[in-house]
Amino acid sequence: MKKFFLLLFAASCYCAALHGQVVPQKSGNDLKDVITRLQALSTDNVIEKAYLHFDKPYYNAGDTIYFKAYVTAGERHELSKVSGVLHVDLINKADTVMQTLILQLKNGLAWGDFALPGYLPKGSYRIRAYTRWMQNAGDTYFFYKTITVNGKSMGQAPIARTISNKPDVQFFPEGGTLVTAVPSRIAFKAVDGNGMGVTVKGSVVDNNNAEVAQFTSAHLGMGQIFLTPEEGKLYKAKITYPDGSVTTVDLPKPETNGISLSVNNSDPAKLSIDMNANKPYYLANKNKEIAVVIYSAGVVKTVKTVLDNQVIGFDLPKKDLRSGIMQITLFSDNGVPLGERLVFIQTNDGVNFTINSDKTSYASGNKAHIIVNARTAEDKASVGSFSVSVINENKVPANGDIESDILADMLLTSDLRGYVEQPGYYFNNVTNDTRNNLDILMLTQGYRRFQWKQFLTGTPTPIAYQPEVGMDIKGTLLTKAGAPVPNEKITLMLPVTGQTMSATTDAAGKFAFIDLGYTDKTRFLLNIDNKSLKNKARLMLDKTNISVPLNTGTLPEVNTDERLPQYTAMTGGQAPPDKTQELNAVNVNAKQNYRSSSLAGAGNADQVIFNKQIKSFASLSQALTGVARNVDFNNGKAYLRSSVSIAGGKIVSEPMMIVIDGAITSGTIDNIQPADVESVEILKGANAAVYGMNSGSGVMVINTRRGGEVAETSQEMAPGIVSITPQGFYMAREFYAPVYDDTKKDAAEGATVYWKPNLVTNADGNTAFDYFNQGPGRYRIVIEGIDNTGNIGRVVYKYTVQ
């Protein structure tokens with residue numbers, strides 16, 4: 001018979017006895033060591049996480065991606081004060097960084113934007129965000145987001161990366177092991193070759209081919225089997241796939257001498273935790289101490305008992321637990337982990353938003369006044385900076401199940417291994433089914449921050465990356481012969497204001513100006529103070545932003561057409577006509593040795609000119625004169641010498657088409673500083689034809705510097721004086737919200753109606769915002785964020801515009 005106890009945890013206690021009597025401590029203190037290490041884990045090795053809230057789920061080529069960044073520190077999701085710098089990368093389909101932004105974090109918050117090129121090919125792109133401190137755990141806590149872009153299809157679609165054409169099915173016994181004569185739960189997950197869940201069904205047979213259980217996947221290829229293994233028997237699963245094919249997979253071998261750990265998480269009010277020993281294990285370990293260690297949100301709780309019954313259990317109320325992943329581990333009397341189970345606690349402990357509008361219905365062009373109140377679970381005012389997006393779902397359909405939101409990302413997917421399909425499903429509309437399927441997800445993809453064996457016996461991993469507080473300008477002072485010059489004063493000056501600061505070179509000639517707060521494109525002057533050295537020494541700058549190598553294949557290949565069925569149909573399979581034009585298909589050369597925004601692809605230009613050849617000139621046309629072959633320049637416009645036409649009996653030369661970061665641009669190229677250019681591609685004849693009829697005079701593709709590749713730009717102004725323009729903090733553009741009068745009902749076609757990254761609530765938790773409705777449709781307001789005390793919140797509010 002099961003021995004059952006109802007256990008209530010006091011908030012101030014981390015250790016409670018399972019019996020009515022106090023169990024004596026063991027002299028070995030193994031459990032104390034476990035607790036000490038766990039407590040140190042949450043205090044000595046603080047985890048940072050990043051989450052980005054985007055203005056909409058899909059984009060057209062030529063759109064701007066607006067986002068708000070939230071960076072948290074610790075396991076209670078408080079806004080981080082550890083890092084002051086966030087790196088955000090836009091990554092193309094070839095796993096190449098297209099653009100890099102450096103954002104200044106203020107109390108864990110920042111916002112920015114990416115301008116998508118007008119000719120960006122259709123497909124799935126990625127955005128990555130990280131701090132330097134996160135790099136201590138590799139890319140485990142990096143933020144990744146797949147962004148689907150609706151552009152022009154360019155030739156043959158790329159083939160999805162697959163590991164195998166046959167689906168893969170894995171089985172996971174609850175607690176880690178199957179034990180003979182003990183009722184067990186076995187979770188399973190079936191995925192196709194691209195890592196997406198696939199529906200399966202089947203049966204379990206023993207080694208006599210007798211059927212003992214049947215199963216069917218419940219959600220996205222995941223499901224569970226209930227089985228009591230018998231001594232001397234092995235088990236197999238006969239699996240039937242959607243195409244009718246059948247395969248057989250061996251289930252894990254049951255242990256003949258063991259104890260299991262199981263958790264029932266179906267009740268919203270409590271957890272039921274059971275330990276079930278089979279007879280051999282019970283007889284061998286009768287009356288020995290065992291312990292359950294519970295780790296959640298940085299808090300350690302311990303439950304101790306003695307094994308005086310084969311089945312022991314207790315209930316754990318959820319009312320005082322924080323939402324997120326809880327790790328439950330069963331330990332033996334000598335501190336050996338016997339089983340482990342991860343569960344997800346889903347309580348109403350975040351920010352609760354109340355939204356009210358000034359009208360119950362609106363017409364196109366009407367002004368909407370939205371009033372918001374934010375409160376915590378304790379009904380206190382929630383004070384913080386949130387972000388709000390308003391879209392017209394008739395133009396951009398949104399699916400809350402597929403999308404990843406701040407709750408799903410911060411509380412769930414950032415702590416799970418592998419790809420979580422449809423993360424919003426578990427939070428969008430919580431029901432018994434979603435809770436049960438979330439529990440199966442924890443059984444199959446439960447991620448552990450540490451492995452117990454390494455955690456208990458290993459030495460702490462050294463910290464390789466310190467947090468960034470601000471931007472650094474570093475370099476070395478060398479003689480003309482290359483020898484370091486120590487103990488010399490270097491002055492950094494901001495010419496606009498005349499402000500200066502000084503640094504002294506060390507024994508290796510190195511100098512550093514650290515934790516600066518300058519914006520991108522800021523110009524400085526570096527000066528060697530010692531006049532006698534100015535003609536004998538030179539300043540060498542370090543790169544200010546070194547891009548972290550990409551981890552390819554972190555997400556399954558996404559079928560863009562499946563993600564954008566209505567969005568694609570709405571625009572006819574291409575970007576809006578005011579941003580692009582019909583193009584001939586081209587096969588893009590996949591072998592790129594430099595970043596290119598050219599439609600012809602890298603390696604298909606007649607000439608490529610790189611930054612090092614032009615960065616020291618005052619204007620781009622001056623820099624390219626004599627370097628760009630057979631190209632003349634006049635008032636900042638480029639002309640091919642071979643491109644002439646006759647009009648009115650006169651020879652007329654047409655200027656080249658100018659493409660800057662994928663967008664066709666009119667005007668002078670001298671609006672761009674040579675130091676900001678990464679490369680210039682010259683396309684003529686057949687290579688230029690990809691840009692259509694207007695490319696007969698040739699095409700000049702200008703790829704601007706987006707960070708990482710050329711982080712420092714400098715120009716010697718005089719001996720010992722160098723002008724530098726390092727990459728600095730990006731200043732986000734303000735979202736343009738058009739204003740209408742009552743006569744303009746359908747003035748705008750933009751999919752994002754309103755975006756505000758800094759929606760601040762006052763001391764009463766109140767805030768408000770206004771915008772104009774843009775055409776008829778179903779409007780969707782999304783507010784997300786984290787308040788000043790670490791409470792996470794999200795709300796979706798919908799209304800109709802006639």
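Counting from 1, the numbers follow the sequence of the chain as shown.
- Checked by atom type and distance alone, the side chain of Ser80 never pairs as donor or acceptor with a backbone atom of Ala73 at under 3.5 Å.
- Without hydrogens or angle criteria, Gln135 side chain to Tyr130 main chain gives no donor-acceptor distance under 3.5 Å.
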Check your understanding: Would Ser266 and Asn264 count as a side-chain hydrogen bond (donor to acceptor under 3.5 Å, both in side chains) if you check the C-alpha gap in whole Å, the side-chain angles of each, and the deciding distance to 0.1 Å?
Key -> CA-CA 6 Å; Ser266 60; Asn264 187 337; 2.7 Å; yes
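- More than 12 heavy-atom neighbours from other residues, nucleotides or ligands sit within 6.0 angstrom of CD1 on Ile371.
- In this structure, Asn373 contributes its side chain and Asp764 its backbone to a donor-acceptor pair below 3.5 Å.
- At least one donor-acceptor pair under 3.5 Å links the side chain of Asn437 to the backbone N or O of Asp433.
- Looking at Ser385 and Asn758, their side chains do bring a donor and an acceptor atom within 3.5 Å of each other.
- Side-chain atoms of Asn428 do not come within 3.5 Å of backbone N or O of Gly400 as any donor-acceptor pair.
- Annotation: the span from Glu340 atom CD to Thr329 atom OG1 amounts to 3.5 Å, rounded to 0.5 Å.
- Within the model, atoms CD1 of Ile147 and CZ of Phe114 stand 10.0 Å from one another, a figure rounded to the nearest 0.5 Å.
- Side chain of Asn265 to main chain of Phe344: a donor-acceptor pair is present (N/O by atom type, distance under 3.5 Å, no hydrogens or angles).
- By the 4.0 Å N-to-carboxylate-O rule, Lys49 lies close enough to Asp415 to be salt-bridged with it.
- Put simply, CZ on Phe769 and CD1 on Ile370 are 5.5 Å apart, with the number rounded to the nearest 0.5 Å.
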Check your understanding: Do Thr767 and Val760 pass the side chain to side chain contact (heavy atoms under 4.5 Å, CB included) test, and can you show the C-alpha distance, the side-chain angles, and the key distance before you say yes or no?
Key -> CA-CA 6 Å; Thr767 188; Val760 179; 5.7 Å; no
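- No side-chain heavy atom of Leu52 sits under 4.5 Å from any side-chain heavy atom of Lys145.
- Of the options Asn136, Val82, Val85, a side chain to side chain contact (heavy atoms under 4.5 Å, CB included) to Pro467 is made by Val82 and by none of the others.
- Here Phe386 and Phe353 bring their ring centres to under 6.0 angstrom of each other.
- Ion pairing between Arg126 and Asp89 fails under the 4.0 Å rule for side-chain N and carboxylate O.
- Checking side-chain atoms of Asn766 against main-chain N and O of Asn762 turns up no donor-acceptor pair under 3.5 Å.
- Heavy-atom minimum distance, Trp133 versus Val46: NE1-O, 2.8 Å.
- The minimum heavy-atom distance linking Val383 with Thr761 is given by the pair CA-OG1, 3.3 Å.
- With Val299 as reference, Arg76 is the one residue of Arg76, Glu75, Met326 to meet the side chain to side chain contact (heavy atoms under 4.5 Å, CB included) rule.
- At a cut-off of 3.5 Å, with distance as the only test, a side-chain donor of Glu468 or His87 sits close to an acceptor on the other residue.
- Between Arg341 and Asp439, some side-chain heavy-atom pair lies under the 4.5 Å cut-off.
- Note that the CZ atom of Phe427 and the OG atom of Ser323 stand 8.0 Å from one another [nearest 0.5 Å].
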Check your understanding: Passes side chain to side chain contact (heavy atoms under 4.5 Å, CB included), Leu438 versus Val430? Steps please.
Key -> CA-CA 10 Å; Leu438 177 54; Val430 178; over 6 Å; no
**Study point:** side chain to side chain contact (heavy atoms under 4.5 Å, CB included) between Tyr754 and Asp770, worked out
**Key:** CA-CA 9 Å; Tyr754 182 75; Asp770 304 282; over 6 Å; no
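- For Gly517 against Phe729, the heavy-atom pair with the smallest separation is CA-CE1, 3.9 Å.
- Screening Asp542, Ile473, Asp472 against Pro726 for a side chain to side chain contact (heavy atoms under 4.5 Å, CB included) leaves a single residue, Ile473.
- Looking only at side-chain heavy atoms (C-beta outward), Phe142 and Met134 come within less than 4.5 Å of each other.
- In this structure, CE in Met442 is found 10.5 Å from OH in Tyr426, a value given to the nearest 0.5 Å.
- Counting only N and O atoms by type, the side chains of Asp113 and Tyr730 include a donor and acceptor under 3.5 Å apart.
- The minimum heavy-atom distance between Trp755 and Tyr66, with the atom names listed, is NE1-CB, 3.5 Å.
- Side chains of Asp409 and Ser414: no donor on one and acceptor on the other come within 3.5 Å.
- Of the possible donor and acceptor atoms, none in the side chain of Glu403 sits under 3.5 Å from a partner among the backbone N and O of Pro57.
- Between the side chains of Asn791 and Thr789, at least one donor-acceptor pair of N or O atoms lies under 3.5 Å.
- Side-chain N or O atoms of Lys68 include none that pairs as donor or acceptor with a backbone N or O of Glu784 at under 3.5 Å.
- Side-chain contact between Leu342 and Leu416: absent, with no pair of heavy atoms (C-beta onward) separated by less than 4.5 Å.
- A donor-acceptor pair is defined here as one N or O able to donate and one able to accept, closer than 3.5 Å; no such pair exists between the side chain of Tyr425 and the backbone of His219.
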Exercise for review: Evaluate the criterion side chain to side chain contact (heavy atoms under 4.5 Å, CB included) for residue pair Gln104 and Lys106; output intermediate values, then yes/no.
Suggested key: CA-CA 6 Å; Gln104 185 173 25; Lys106 295 182 179 179; 3.9 Å; yes
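- Taking both residues in full, the closest heavy atoms of Ser296 and Ile325 are given as OG-O, 4.1 Å, listed atom of the first, atom of the second, then distance.
- Classified by interplanar angle (parallel below 30°, tilted 30° to 60°, perpendicular above 60°), the ring pair Tyr51/His53 is parallel.
- Closest heavy-atom contact between Glu174 and Leu261: CG-O, 3.7 Å.
- Considering NE2 of His77 and CD1 of Ile792, their distance stands at 4.5 Å, rounded to 0.5 Å.
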